[in-house]
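These notes are about the structure you will find just below.
When a ligand or atom number is given, it counts from 1 through the structure's own listing order.
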Amino acid sequence: MIEKAYSRYAALSRLCKFRISLPVALTTFTGYLIGMGGIAPEIIFPVSGVFLLASAASALNQIQEYKTDLLMPRTRSRPIPAGEISRKAAMAWTIFFAVAGTAILWYFSGWLPAFLGLLTFVWYNGIYTPLKRITAFAAVPGGVVGALPPVIGWVAGGGDIAHPAAFALAMFFFIGQVPHFWLLLLRFGEQYEMAGIKSLTSRLSHVQIRRLTFIWIVATAVSAMLLPGFYAFHHEISAWAVWILSGLLVAVFVKLLKPSLESVRFKSSFLLINLYYLLIMVTFGLDVLI
Ligand code: HEM
Ligand SMILES: CC(C)=CCC/C(C)=C/CC/C(C)=C/COP(=O)(O)OP(=O)(O)O
């Protein structure tokens, strides 16, 4: 009984990609903290609203892509292609999470966070997902999906959407999503090609993609280093932490330029870049809370 319930939850968590929806909600959490300059119990509303909407978007993405997911070893054990969840049930979860997420955002945080949440949803499922079949550069417009959730938090926390800090924050997350996707391509690009999804690996060599990834990593670091110019940290040490972390990011990934490096150690690289985003968010959070 308990085992059955757990395996149902596990399938749902893979359908809704909780492992990604949670960090996405964390960006909203961070946006809220800096938008309001403190913390309030109401932070739960934009964070849970974005988590639910992100879960709905991921479930819908897997309905949209179940045929290509079946063609890639990386994705063929996802719940729809594996037959664990029917498309009908996945659609029911999508509608339930999307309505609940939008309603929470609208009712508790206001129309603008709800609108931005829906815009992110439409961007991911209506623009990014179909673009993956048309261009190998879909991840660049796709970065908007990473840029909006922190802005939702910022606005829900009372921040002005027209404030330069909101724009700088969005830019950092926009640029930052691109290299973690390029890193994935270095590992799984050929699988994307097999499934008929446009992949940079069919146009560029791995050495070229590594260089491209490094350029985007430098751009990510630069956009982070510029943040203190737009957002007044409460403690000088926080700005130093952002600069040092960003310098370290570039130093760690300069190995991407080594022509002798046959294959990038994917797992540790992917983990490191995600750890960097996490530490930047922790820095923002601690700066407000301490
Ligand atoms: C704020 C937004 C985002 C955050 C915090 C984030 C973070 C993450 C994390 C932590 C993972 C690893 C998940 C795992 O270990 O299973 C991941 C995977 C991934 N991310 Fe992102 N990501 C974001 C936005 C994006 C965007 C906008 C794109 C593409 C345009 C993207 C592309 C991917 C892909 C393709 C994977 C692999 C997915 C999978 O295997 O299911 N991400 N992301
Ligand atoms: C508020 C709101 C709606 C937020 C949306 C957040 C969200 C769903 C982010 C998506 C991140 C992601 C995994 C993109 C990759 O999709 P992919 O299709 O390239 O991945 P795949 O190839 O593994 O299927």
(request) Determine whether the side chain, the backbone, both or neither of F173 has a heavy atom under 4.0 Å from any heavy atom of ligand 1. (result) neither
(request) Considering the heavy atoms of S58, write down every atom of ligand 2 situated less than 4.0 Å from one of them. (result) 8 (C)
(message) Among L245, I244, L248, exactly one meets side-chain contact (heavy atoms from CB on, under 4.5 Å) together with L279. Which residue is that?
(response) L245
(request) Using ring pair (Phe, Tyr, Trp, His ring centres under 6.0 Å) as the criterion, point out the one residue from F284, W243, W240 that pairs with F233. (result) F284
(request) Check each heavy atom of L26 against ligand 1 and say whether those closer than 4.0 Å belong to the side chain, the backbone, both or neither. (result) neither
(message) Using a 4.0 Å cutoff against the non-hydrogen atoms of Y128, which atoms of ligand 1 qualify?
(response) 29 (C), 30 (C)
(message) Does any part of the side chain of Y9, heavy atoms only, come nearer than 4.5 Å to the side chain of F18, both counted from C-beta?
(response) yes
(message) Looking at ligand 1, would Y277 count as a contact under a 4.0 Å heavy-atom criterion?
(response) no
(message) Heavy-atom pairs closer than 4.0 Å: do any link ligand 1 to the side chain of R78, the backbone, both, or neither?
(response) side chain
(message) Quick test: of every protein heavy atom, which one is nearest to atom 12 (C) of ligand 2, and how far off is it to 0.1 Å?
(response) Y124 OH, 3.9 Å
(message) Closer than 4.0 Å to some heavy atom of Y192 - which atoms of ligand 2 meet that?
(response) 22 (O)
(request) Could you say whether the N/O atoms of Y192 and ligand 1 ever approach to under 3.5 Å? (result) no
(message) In the structure I gave you, are the side-chain heavy atoms of T68 and I197 within less than 4.5 Å of one another anywhere?
(response) yes
(message) A side-chain contact here means heavy atoms from C-beta on lying under 4.5 Å apart; do V140 and F174 qualify?
(response) yes
(message) Side chain or backbone, does K132 bring an N or O within less than 3.5 Å of an N or O on ligand 2?
(response) yes
(request) Check each atom of ligand 1 against the heavy atoms of K17 and keep those under 4.0 Å away; list them by number with element. (result) 41 (O)
(request) Determine, using heavy atoms of V145 and all atoms of ligand 2, whether some pair is separated by less than 4.0 Å. (result) yes
(message) Only heavy atoms of Y128, strictly under 4.0 Å: list the atoms of ligand 2 that pass.
(response) 16 (O), 17 (P), 18 (O), 19 (O)
(message) With heavy-atom distances below 4.0 Å as the criterion, list the atoms of ligand 2 near E65.
(response) 18 (O), 24 (O)
(message) What I want to know is whether N274 and ligand 1 share at least one N or O pair that is separated by under 3.5 angstrom.
(response) no
(request) For M72 and ligand 2, answer yes if some heavy atom of the residue is under 4.0 Å from a ligand atom, otherwise no. (result) no
(message) Is the shortest side-chain heavy-atom distance between R133 and P130 below 4.5 Å?
(response) no
(message) Can you tell me if Q177 contacts ligand 2 (heavy atom of the residue under 4.0 Å from the ligand)?
(response) no
(message) Test of understanding: given a 4.0 Å heavy-atom threshold, classify the contact between Y124 and ligand 1 as side chain, backbone, both, or neither.
(response) neither
(request) Below 4.0 angstrom from a heavy atom of N61, which ligand 2 atoms are there? Numbered from 1 as shown, please. (result) 18 (O), 24 (O)
(request) State the atoms of ligand 2, each with its element, that fall below the 4.0 Å cut-off from a heavy-atom position in R78. (result) 21 (P), 23 (O), 24 (O)
(message) Looking only at distances, can you tell me whether any N or O atom of H180, backbone or side chain, sits closer than 3.5 Å to an N or O atom of ligand 1?
(response) yes
(request) Flag the pair W182 / L200 as yes when at least one side-chain heavy-atom distance between them is below 4.5 Å, and no otherwise. (result) yes
(request) May I ask you to decide if the ring planes of Y124 and Y128 are parallel, tilted or perpendicular, using 30° and 60° as cut-offs? (result) parallel
(request) Measure the distance from atom 4 (C) of ligand 2 to every protein heavy atom, then report the residue, atom name and distance (to 0.1 Å) of the closest one. (result) T120 CG2, 3.6 Å
(request) Go through ligand 2 atom by atom and flag the ones less than 4.0 Å from a non-hydrogen atom of I20. (result) 11 (C), 13 (C)
(request) Please could you name the atoms of ligand 2 that K17 approaches to less than 4.0 Å, counting only its heavy atoms? (result) 13 (C), 20 (O), 21 (P), 23 (O), 24 (O)
(message) Return the closest protein heavy atom for atom 21 (P) of ligand 2 as residue, atom name and distance.
(response) R74 NH2, 3.4 Å
(request) Could you tell me whether the side chain of H180 reaches within less than 4.5 Å of the side chain of F270, counting heavy atoms only? (result) yes
(request) For G146, take its heavy atoms, then give the atoms of ligand 1 lying under 4.0 Å from any of them. (result) 1 (C), 2 (C), 27 (C)
(message) Can you tell whether the side chains of R14 and E84 come within less than 4.0 Å, N to carboxylate O?
(response) yes
(request) Output yes when E65 and K132 qualify as a salt bridge under the 4.0 Å nitrogen-oxygen rule, no when they do not. (result) yes
(message) So, taking the atom named CD1 in I209 and the one named CZ in R211, what distance separates them when rounded to the nearest 0.5 Å?
(response) 11.5 Å
(request) Using the six-membered ring of F253, assess whether NZ or CZ of K255 lies under 6.0 Å from its centre and within 45 degrees of the ring axis. (result) yes
